[in-house]
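Single-structure report; data block below.
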Number of protein chains: 2
Amino acid sequence: MSTASSASRTTREQIVDAADQLFYEQGFDSTSFADIAAAVNLSRGNFYYHFKTKDDLLEAVIEQRLRNTQALLQQWEQQGTQPQDRIRCFIHILIANQARILLYGCPVGTLTTELAKLNHHALDQANAVFTLFRTWLRQQFQAMGRKQDADELAMHVLGRSQGVATLASAFQDEKFLKQEVKRLNQWLQQCVDDAKQ
Amino acid sequence: MSTASSASRTTREQIVDAADQLFYEQGFDSTSFADIAAAVNLSRGNFYYHFKTKDDLLEAVIEQRLRNTQALLQQWEQQGTQPQDRIRCFIHILIANQARILLYGCPVGTLTTELAKLNHHALDQANAVFTLFRTWLRQQFQAMGRKQDADELAMHVLGRSQGVATLASAFQDEKFLKQEVKRLNQWLQQCVDDAKQ
DNA sequence: GACAGCCTAGGACGCTTGTCCTAGGATTCA
DNA sequence: TGAATCCTAGGACAAGCGTCCTAGGCTGTC
């Protein structure tokens with residue numbers, strides 16, 4: 001069973017999944033190999049066989065997040081017929097992932113913030129996840145007819161979402177999260193109405 | 001010279017200042033006593049005399065931030081005659097602290113996010129800084145005549161600012177920061193106009 | 001000059017970390 | 001049956017961490 005075609009996930013995949021989750025919940029720096037080893041029932045020292053360094057593991061986690069994000073964006077692409085519907089899919093992740101966001105914030109934002117403080121070289125890769133969302137949102141606003149300021153609007157939505165996640169997590173405030181999602185949807189509707197004129 | 005009335009700052013104050021800055025730039029967890037000792041030219045082991053534990057030091061840092069924040073809010077209180085002018089003072093810190101925000105994000109948001117992931121007991125204290133801003137902003141909106149939704153508006157401003165800081169730092173994007181400050185000021189003006197009616 | 005209190009340098013401690021090595025079990029194929 | 005490959009457990013390692021102790025240098029008071 002050397003190929004990935006096995007029915008059950010490979011050990012490597014299990015490690016990446018566990019690391020992905022723990023990096024999100026505890027942060028990258030304070031998640032140790034021992035933590036991950038315990039999560040997948042593996043001996044700590046044996047990690048070297050699968051990942052030469054902790055940074056290699058981080059890169060694998062980020063690559064997985066990039067793939068997952070791309071798959072998510074493709075799914076939204078098919079889900080919504082109008083661009084504004086697709087953007088609403090994005091906004092809706094705040095609701096869909098509410099429980100985790102209240103506990104741990106935004107997985108993208110918290111990782112990039114941490115890596116920036118650590119001066120970690122994988123920061124650019126982590127930022128690429130943001131860029132995926134940014135580019136996709138920009139395309140949606142372009143499709144809405146906002147050719148001129150599509151990128152500005154994309155960044156605006158991205159920023160608003162970041163703020164909501166950070167503050168909702170800090171205050172453990174579900175009501176605030178829902179309020180802001182409503183506001184953001186209202187703002188989006190305003191955009192649609194403006195574009196029609 | 002056992003009192004704080006000395007012209008030069010006490011060693012303890014120097015330590016807290018250095019820790020404050022380093023916790024902001026590198027994060028709490030990855031800032032070691034050795035780092036702080038080097039910053040104030042002190043031997044590492046000697047820290048025990050001033051602070052029994054690292055958590056004690058963190059608490060001192062947060063208390064200093066609380067005092068500084070309160071002083072800042074009082075200053076704004078006197079600076080602006082109208083409540084909307086005072087709120088603009090708050091929004092303006094994104095511009096005033098632009099350079100540091102682009103490098104390290106928001107000092108309040110990044111600390112609370114980190115402490116939440118570390119499950120650190122000082123999280124509540126750190127959140128109190130947010131609460132200072134929240135309460136103060138709420139009072140300004142109340143003074144503007146928005147009695148009903150003053151807290152919601154306060155949280156909205158706080159959230160928007162958080163998002164701007166996070167994303168501006170991630171993308172190292174000064175233009176985005178300025179754009180969003182402009183948008184936020186426009187939004188505030190809309191609030192003022194709405195309240196007049 | 002003797003004493004007391006404040007503050008310091010330097011190093012020891014136990015622990016955890018990421019990294020790396022080695023011996024051997026399990027499986028596959030000839 | 002024998003060899004080769006894949007994967008594992010367990011532990012060694014050097015380094016860094018927060019914490020803590022001790023001896024001694026300052027400084028002011030009697």
Side-chain angles (χ1 to χ4, degrees), chain A residues 1-20 22-23 25-62 111 114-115 117-123, chain B residues 1-20 22-23 25-62 111 114-115 117-123:
Chain A
M1 298 292 172
S2 62
T3 66
S5 61
S6 165
S8 69
R9 291 173 310 156
T10 64
T11 304
R12 189 190 158 92
E13 286 169 337
Q14 280 183 288
I15 293 175
V16 173
D17 282 347
D20 191 349
L22 287 169
F23 287 173
E25 293 175 2
Q26 310 183 350
F28 166 69
D29 202 45
S30 57
T31 296
S32 67
F33 274 7
D35 293 332
I36 305 166
V40 295
N41 267 333
L42 224 71
S43 75
R44 197 180 89 262
N46 190 29
F47 264 84
Y48 185 69
Y49 178 80
H50 298 281
F51 296 97
K52 289 265 174 287
T53 66
K54 197 184 180 186
D55 291 354
D56 284 346
L57 177 53
L58 175 60
E59 282 181 27
V61 167
I62 296 177
L111 182 63
E114 183 182 1
L115 294 184
K117 300 224 185 221
L118 295 176
N119 249 318
H120 199 285
H121 67 269
L123 174 60
Chain B
M1 299 289 172
S2 60
T3 66
S5 61
S6 163
S8 69
R9 292 172 309 156
T10 64
T11 305
R12 190 191 157 91
E13 287 169 338
Q14 281 183 287
I15 292 174
V16 173
D17 282 348
D20 192 349
L22 286 169
F23 288 173
E25 293 175 2
Q26 309 181 352
F28 166 70
D29 202 46
S30 56
T31 297
S32 66
F33 275 6
D35 293 333
I36 305 166
V40 294
N41 266 335
L42 221 73
S43 76
R44 198 181 86 264
N46 191 30
F47 263 85
Y48 185 68
Y49 178 80
H50 298 280
F51 296 97
K52 289 266 174 286
T53 66
K54 197 184 180 185
D55 291 353
D56 284 346
L57 178 52
L58 175 61
E59 281 181 27
V61 167
I62 295 176
L111 182 63
E114 184 183 0
L115 294 184
K117 299 220 186 225
L118 294 176
N119 250 317
H120 200 286
H121 68 269
L123 173 59

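Quick note: numbers below take in every heavy atom, side chains included, and nothing from hydrogens, waters or symmetry partners. Proteins get letters first, then strands, A, B, ... in listed order; numbering begins at 1 in each.
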Original post:
With nearest nucleotides of DNA chain C determined for A/Tyr48 and A/Ala34 from heavy-atom distances, which residue corresponds to the more 5′ nucleotide?
Top reply: A/Ala34
**OP:** Check whether any side-chain heavy atom of B/Lys54 sits under 4.5 Å from a side-chain heavy atom of B/Phe47, and report yes or no.
**Re:** no
Subject >> Residue pair B/His121 / B/Asp55, side-chain heavy-atom distance below 4.5 Å >> reply: yes
Original post:
Has B/Thr11 got a side-chain N or O lying under 4.0 Å from the OP1 or OP2 atom of C/dT8?
Top reply: yes
**OP:** Nearest whole angstrom, please: distance from the P of D/dC17 to the CG of A/Asp29.
**Re:** 11 Å
Original post:
Does C/dG10 have OP1 or OP2 sitting under 4.0 Å from an N or O in the side chain of B/Ser43?
Top reply: no
**OP:** Kindly indicate whether the side chain of A/Val40, heavy atoms from C-beta on, has any atom under 4.5 Å from the side chain of A/Thr11.
**Re:** no
Original post:
Want to settle it: does B/Arg44 or A/Asn46 sit nearer the 5' end of DNA chain C, counting the closest nucleotide to each?
Top reply: B/Arg44
Original post:
Would one find a side-chain N or O of B/His50 under 4.0 angstrom from OP1 or OP2 of C/dT8?
Top reply: yes
Original post:
If you check the B/Ser32 side chain, which of D/dG18, C/dT19, D/dT19 turns out closest?
Top reply: D/dG18
Original post:
Which part of the nucleic acid, if any, lies within reach of A/Ser30 when heavy atoms closer than 4.0 Å are counted: base, sugar-phosphate only, or nothing?
Top reply: nothing
**OP:** With the side chain of B/Phe33 defined as its heavy atoms from C-beta on, choose the nearest nucleotide among D/dT8, D/dT19, C/dT8.
**Re:** D/dT19
Subject >> Check: A/Ile62 and A/Leu111 side chains under 4.5 Å, non-hydrogen atoms >> reply: yes
Original post:
How close or far is atom C1' of C/dC20 from atom CZ of A/Phe47, stated in whole angstroms?
Top reply: 15 Å
Original post:
Reckon A/Tyr49 has a side-chain N or O less than 4.0 Å from the OP1 or OP2 of D/dC7?
Top reply: yes
Original post:
What's the CG-C1' distance between A/Asp35 and C/dT17, to the nearest Å?
Top reply: 11 Å
Original post:
B/Gln26 CD to D/dC17 P: how many Å, rounded?
Top reply: 10 Å
**OP:** Could you check how far CG of B/Leu57 sits from P of D/dC17, rounded to whole Å?
**Re:** 15 Å
Original post:
For A/Ile15 and D/dT8, what is the distance between atoms CD1 and C1' respectively, to the nearest whole Å?
Top reply: 11 Å
Original post:
In whole angstroms, how far is the C1' atom of D/dG18 from the CG atom of B/Asp56?
Top reply: 12 Å
Subject >> Whole angstrom value for the distance that separates C1' of D/dC17 from CG of B/Leu22 >> reply: 16 Å
Original post:
Should the ring pair B/Phe23 and B/Phe28 be called parallel, tilted or perpendicular, given that the plane angle runs from 0 to 90° and is split at 30 and 60?
Top reply: perpendicular
